[in-house]
Amino acid sequence: MPLLEVKNLAASYGALTVLQNVNLSIEKGEVVSLIGSSGSGKSTLLRVLMGLLKPNAGEVRIDGEKVDYGSRSSLKSIRDRMAIVFQQYNLFQNMDVLKNVTIAPVEIKKRPRADVEREAKAILDRVGLSAKLKSYPDQLSGGQQQRVAIARALTLRPEILLLDEVTAALDPELVNEVLDTVRELAAEGITMLIVSHEMGFVREVSTRVVMMDKGQIVESGTPKEIFENPREPRTSAFVSKILRH
Amino acid sequence: MFDRLIEEAPRFFTYYNMIFVLQAMGTTLLLTAAGCITGFIFGFIIAAIRATRDPLLKPLRFLVIVYVEIFRRIPFLVTLFIVMFAVQIVSRNVSLFAIAVLSICMLSTAFLSEVIRAGMESVPRLQIEAAETLNFGFWRTQFRVVLPQAWKVIIPPAFAFMVMFIKDTSLASQMGVIELTFTGKSLMNRGFSPFLVYGVVLAGYFVMSYPLSRLGAYLEKRLASA
């Protein structure tokens with residue numbers, strides 16, 4: 001049984017349809033990357049999965065269990081099992097690094113503070129930020145903030161980690177420090193659904209690549225299939241445009 | 001004129017007159033403090049109601065918007081009379097002071113709710129979405145994420161309104177509440193020179209509002225650099 005299964009999912013912003021007939025399944029341990037031009041619905045799909053935008057049709061199952069996006073308890077349960085890292089990091093500006101990372105596990109999941117802090121420090125150490133526990137987000141670089149955001153998501157021990165263009169807002173020299181962190185996570189077998197424009201990275205870490213266009217999934221395959229031998233003209237057009245420079 | 005002031009001064013600055021003025025200042029401060037405290041509490045509740053998105057709460061959101069828009073636009077004197085006559089329909093035994101407190105609270109709630117709402121809206125929507133995905137509930141999001149970031153925006157205009165409330169309480173004298181302006185009228189009726197009487201009233205208002213303005217300016221400066 002796939003860990004995450006999306007069937008015929010559709011969503012819209014008012015009259016504008018942004019997702020239609022999306023089918024996707026992710027097995028445990030897979031790293032699936034969504035590619036496609038801006039506005040193709042990649043980030044919207046992540047927002048729908050996290051319950052930030054209500055789907056108008058279709059269904060999402062996690063571990064076979066159907067998610068009801070209209071029900072608070074179902075939403076709570078899916079947000080317990082999935083965590084998202086945003087393009088703009090979205091760290092709480094009024095809290096230091098350690099607080100940002102520990103607040104949800106301690107206050108929402110009610111885990112013992114000492115345990116959470118120990119785990120958070122270990123994770124922050126792994127992403128190279130053990131010296132910044134008491135810093136506030138505005139004292140950190142974009143790359144550091146994004147690594148804190150990844151640490152915050154990991155401390156929640158999610159079954160699936162969603163990464164929404166996590167390097168898009170970063171200066172070029174900071175991109176690699178964040179990608180290295182994600183590479184390590186992939187190597188550890190964490191299930192991830194990634195939206196990224198870093199094609200070299202996508203090709204390297206993904207077990208599967210999914211091409212989206214105009215709110216629909218165009219095709220999906222191994223990185224090799226998608227980048228070297230795409231079946232769909234829209235995919236080859238996109239890939240050749242991206243790889244040209 | 002100065003001769004007259006000098007001649008009147010010993011009769012004016014008596015212990016009992018000064019107690020009268022100080023007590024009235026106390027009433028003015030009490031009215032203002034009640035207004036500010038209630039205004040902050042109910043203003044926050046109104047701002048929070050307006051931040052909700054639940055379709056079921058739509059009528060409630062509509063009601064609070066109507067309340068805020070009306071009470072921010074009518075003169076305070078009119079509010080006082082509306083409250084006075086409305087209260088008298090229910091009971092004839094309510095004190096004028098209670099009516100004045102109720103009126104100033106209605107005024108301050110309307111004004112401070114707008115200041116608080118503007119402050120809360122200055123916090124980026126993405127911060128609230130991040131809280132949502134971490135399973136924060138509505139109130140936890142408000143208290144842990146929104147308000148701690150919004151108060152920098154809330155404090156400076158809130159102080160300006162508090163100074164305004166001090167001044168607005170003077171209108172309660174029109175109903176007969178014995179606050180600072182009322183003592184002015186009352187002392188004038190006892191034959192003291194208006195310059196002397198209103199000089200003291202002026203000094204009284206200044207002593208109460210100036211420190212508040214300074215505190216506001218100080219906080220604004222500190223918050224800007226923070």
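Chain A is the first sequence line, chain B the second, and so forth, proteins listed ahead of strands; every chain is numbered from 1. In this text the structure is predicted, and so the values were computed from the model without any measurement.
Residue A/Lys109 places its NZ atom among more than 12 non-hydrogen atoms of other residues, nucleotides or ligands, all under 6.0 Å distant. Residue B/Arg214 qualifies as open at atom CZ: its count of foreign heavy atoms under 6.0 Å is 12 or below. Atom CZ of B/Arg92 is surrounded by 12 or fewer heavy atoms from other residues, nucleotides or ligands within 6.0 Å. Heavy atoms from other residues, nucleotides or ligands lying under 6.0 Å from OH of A/Tyr13 number more than 12. Taking a 6.0 Å sphere around NZ of B/Lys58, one finds it holds 12 or fewer heavy atoms contributed by other residues, nucleotides or ligands. The environment of CZ in B/Phe42 is sparse: at most 12 heavy-atom neighbours from other residues, nucleotides or ligands sit within 6.0 Å. Other residues, nucleotides and ligands contribute at most 12 non-hydrogen atoms within 6.0 Å of the CD atom of A/Glu65.
Neither the backbone nor the side chain of A/Ile78 comes within contact range of chain B; no heavy atoms are under 4.5 Å apart. In this structure, chain B has heavy atoms under 4.5 Å from both the backbone and the side chain of A/Gln93. Only the side chain of B/Arg140 comes within contact range of chain A, with heavy atoms under 4.5 Å apart. Looking at A/Phe92, both its backbone and its side chain come within 4.5 Å of chain B, counting heavy atoms on both sides.
Residues A/Met95 and B/Val145 come closest through the heavy atom pair CE-CG2, 4.3 Å. Heavy atoms only, all atoms of each residue included: A/Phe86 and B/Ala130 are closest at CE1-CA, 3.9 Å. Nearest heavy-atom pair, A/Leu52 versus B/Glu132, reported as atom, atom and distance to 0.1 Å: CD2-OE1, 3.5 Å.
Between B/Lys152 atom NZ and A/Asn94 atom CG the span is 9.0 Å, to the nearest 0.5 Å.
In terms of heavy-atom pairs under 4.5 angstrom with chain B, the leader among A/Glu107, A/Arg72, A/Met82, A/Met50 is A/Glu107. Interface check for chain A: of the options B/Leu134, B/Asn135, B/Leu126, the most heavy-atom pairs under 4.5 Å are formed by B/Asn135.
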side-chain contact (heavy atoms from CB on, under 4.5 Å) between B/Arg144 and A/Lys99, worked out: CA-CA 11 Å; B/Arg144 299 304 301 261; A/Lys99 190 84 191 169; 3.3 Å; yes
